[in-house]
Amino acid sequence: MAKAATKATKKTAAKPAAKPAKPAAKTAAKAATAAKVSAKAAKPAPKATAKAAPKATAKAAPKATPKAGANPARRPAVKLSMLRPSVNNMTVRVFTRAAGLDHAETDAWGLTRTPEFLARNPAHLTPMIEDKGLPRGVLWESCAIMQYLANKHGLDKFYPKAPAKRAMVDSAMFYLVGTLYPYVARATYPALGFPQYAGEVGHSDAHPEKKSEAQKAAAAAIAEPLEVFHSFFRDGKPFIGGNNPSIADIRLAATLEFLAVIDYALPAWAKDYMAAIEKKLGKAYAEPAGDVRGYIAHIKSQAAA
């Protein structure tokens, strides 16, 4: 019907056009235009719509599927070189999991003194991450790594941007690294079989009794900074970060894991604190902690044999 109407229209429009002198020509032209519009809109439109809609849908669907299946929250890959028995390494392993960062771990046991490793990391320390955005391509020190990744990916939940809150997190981490951890290292490294730092009694040729005394003195000194974390940094809050663990909490909880090797009697609040962090972070904490705990269990079983 649409084609018939179109032909009729053309004939009608052609006759007036041949005799422009007649006043009725303009009227006929308008009528012809209206007829064309009506003829095109009458029946072809539904047919075109019916055919076009499935084609558009069929083409659009495959394109939409990959986008829908993609994970927009996926983070850039983090290459992490680590040692499983270490709580320093455990810190970053927990953080990358808790933060949901896409990461790949490489066990660097026995590799940190190789020429390839030293060429990238002359300090031969782990944990170490590799990232093209870094000035030298790599970064070590657990606290610095967490700070960098939190800043890069906007992870305010773990490392708040507010200056005052961030300062407290930084202060807690620096106090831990500068005061608490040296005590923990002196008290636990001899039992763990880890080498003592140069200048420590445990690293010297001192009599075994002197080394034992130094180890016991360090263990006794742990109580004071531990109480500072409880009364000052937490200050009645579940965590240093408030209601959620911050990077300082992850660093502290991991550090306290080493104390199990000397059967250190943690105060009740510290036991509850560690349990709360593991509950809050779930597998992100439990899996890396399992490696540290497994190593400690192995060391203790050897000592008892």
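We number each residue from 1, following the sequence as shown.
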Student: Could you tell me which non-hydrogen atom of P225 sits nearest to which non-hydrogen atom of A221, and how far apart they are?
Tutor: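 Of all heavy-atom pairs spanning P225 and A221, the closest is CD-O, 3.0 Å.
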
Student: Check whether any side-chain heavy atom of L149 lies under 4.5 Å from a side-chain heavy atom of T96, and answer yes or no.
Tutor: yes

Student: Give, for atom OH of Y285 and atom CZ of R97, the distance between the pair rounded to the nearest 0.5 Å.
Tutor: 13.0 Å

Student: Give the minimum heavy-atom separation between W109 and P85, together with the two atoms involved.
Tutor: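 Taking every non-hydrogen atom into account, CZ3-CG, 4.0 Å.
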
Student: Given V169 and I247, is the side chain to side chain contact (heavy atoms under 4.5 Å, CB included) satisfied, shown in steps?
Tutor: CA-CA 7 Å; V169 170; I247 57 177; 3.7 Å; yes

Student: What's the spacing between L83 CG and T106 OG1 if we round to 0.5 Å?
Tutor: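 It comes to 11.5 Å.
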
Student: Is it the case that more than 12 heavy atoms not belonging to Q302 sit under 6.0 Å from its CD atom?
Tutor: yes

Student: Can you name the nearest heavy-atom pair linking A206 to V201, along with the distance?
Tutor: CB-CG1, 4.1 Å

Student: Can you tell if the side chain of T91 reaches within under 4.5 Å of the side chain of I145, non-hydrogen atoms only?
Tutor: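 Contact flag for T91/I145 side chains = no.
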
Student: Take L259 and V184 through the test side chain to side chain contact (heavy atoms under 4.5 Å, CB included) and record every step on the way to the result.
Tutor: CA-CA 7 Å; L259 295 177; V184 172; 4.2 Å; yes

Student: Is there a donor-acceptor pair under 3.5 Å between the side chain of N89 and the backbone N or O of R93?
Tutor: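 Checked: no pair found.
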
Student: Does atom CZ (F232) have a neighbourhood of more than 12 heavy atoms from anything else shown, all under 6.0 Å?
Tutor: no

Student: Quick check: are there more than 12 heavy atoms from other residues, nucleotides or ligands sitting under 6.0 Å from CD of E224?
Tutor: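 No, because the 6.0 Å sphere around CD of E224 holds 12 heavy atoms or fewer from other groups.
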
Student: Indicate yes or no: at least one non-hydrogen side-chain atom of T126 is less than 4.5 angstrom from one of W140.
Tutor: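 A side-chain contact under 4.5 Å is absent here.
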
Student: Go through the steps to decide whether Q215 and I262 satisfy the test side chain to side chain contact (heavy atoms under 4.5 Å, CB included), and finish with yes or no.
Tutor: CA-CA 10 Å; Q215 184 181 4; I262 58 172; 4.1 Å; yes

Student: Using modelled atom types and a 3.5 Å cut-off, is there a donor and acceptor pairing between side-chain atoms of S212 and backbone atoms of P208?
Tutor: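 Not a single qualifying donor-acceptor pair exists.
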
Student: Hydrophobic cluster membership, with links at side-chain heavy-atom distances under 4.5 Å among I/L/V/M/F/W/Y: are M82 and F194 in one?
Tutor: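 In one cluster: yes.
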
Student: Over all heavy atoms of both residues, which pair between I299 and A191 is shortest? Give the atoms and the distance, please.
Tutor: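 What the structure gives for the nearest pair is CG2-O, 3.1 Å.
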
Student: With sequence neighbours left out, which residue pairs that include part of residues 161-190 fulfil the side chain to side chain donor-acceptor pair (under 3.5 Å) condition?
Tutor: N88-Y181, Q147-D170, N151-R166, Y159-D170, Y181-Y189, R186-E200

Student: Taking a hydrophobic cluster as the set of Ile, Leu, Val, Met, Phe, Trp and Tyr residues connected by side-chain heavy atoms closer than 4.5 Å, whether directly or through intermediates, do I129 and F117 fall within one such cluster?
Tutor: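 No, no single cluster joins them.
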
Student: To the nearest 0.5 Å, how far apart are CG in D107 and CG in L80?
Tutor: 10.5 Å

Student: In sequence, state the C-alpha distance, the side-chain angles, and the governing distance for T112 and L125, and then conclude on side chain to side chain contact (heavy atoms under 4.5 Å, CB included).
Tutor: CA-CA 7 Å; T112 58; L125 295 175; over 6 Å; no

Student: Would you say H153's side chain and L155's backbone share a donor-acceptor pair under 3.5 angstrom?
Tutor: no

Student: Tell me whether M128 shares a hydrophobic cluster with V177, the cluster being built from Ile, Leu, Val, Met, Phe, Trp, Tyr side chains joined at under 4.5 Å.
Tutor: no

Student: Decide yes or no for E227 and W269: does some side-chain heavy atom of the first lie under 4.5 Å from some side-chain heavy atom of the second?
Tutor: yes

Student: Measure the NZ-CG distance between K280 and N244 for me, rounded to the nearest 0.5 Å.
Tutor: 4.5 Å

Student: Write down the atom of A218, the atom of A187, and the distance for their closest heavy-atom approach.
Tutor: CB-N, 4.0 Å

Student: Check Q196 against A185 and note the closest heavy-atom contact, atom names and distance.
Tutor: NE2-O, 3.5 Å

Student: Given 3.5 Å as the limit, does a donor-acceptor pair link the side chain of K211 with the main chain of S204, or not?
Tutor: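 Such a contact is found between K211 side chain and S204 backbone.
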
Student: If you round to the nearest 0.5 Å, how far is OH of Y295 from OG of S86?
Tutor: 10.5 Å

Student: Would you check if F239 and L252 make a side-chain contact, meaning some heavy-atom pair closer than 4.5 Å?
Tutor: no

Student: Can you tell me how far OH of Y264 sits from CG of L256, rounded to the nearest 0.5 angstrom?
Tutor: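 Rounded to the nearest 0.5 Å, the CG-OH separation comes out at 9.0 Å.
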
Student: Listing request: all salt bridge (Lys or Arg N to Asp or Glu O under 4.0 Å) pairs with a residue in residues 244-267, at least two apart in sequence or in separate chains.
Tutor: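 Only E257-R293, D263-K300 qualify under salt bridge (Lys or Arg N to Asp or Glu O under 4.0 Å).
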
Student: Considering only heavy atoms from C-beta outward, does the side chain of L134 approach that of R136 to under 4.5 Å?
Tutor: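 Heavy-atom side-chain distance check fails, nothing below 4.5 Å.
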
Student: Would you check if the side chain of E130 reaches a backbone N or O of V138 as a donor-acceptor pair within less than 3.5 Å?
Tutor: no

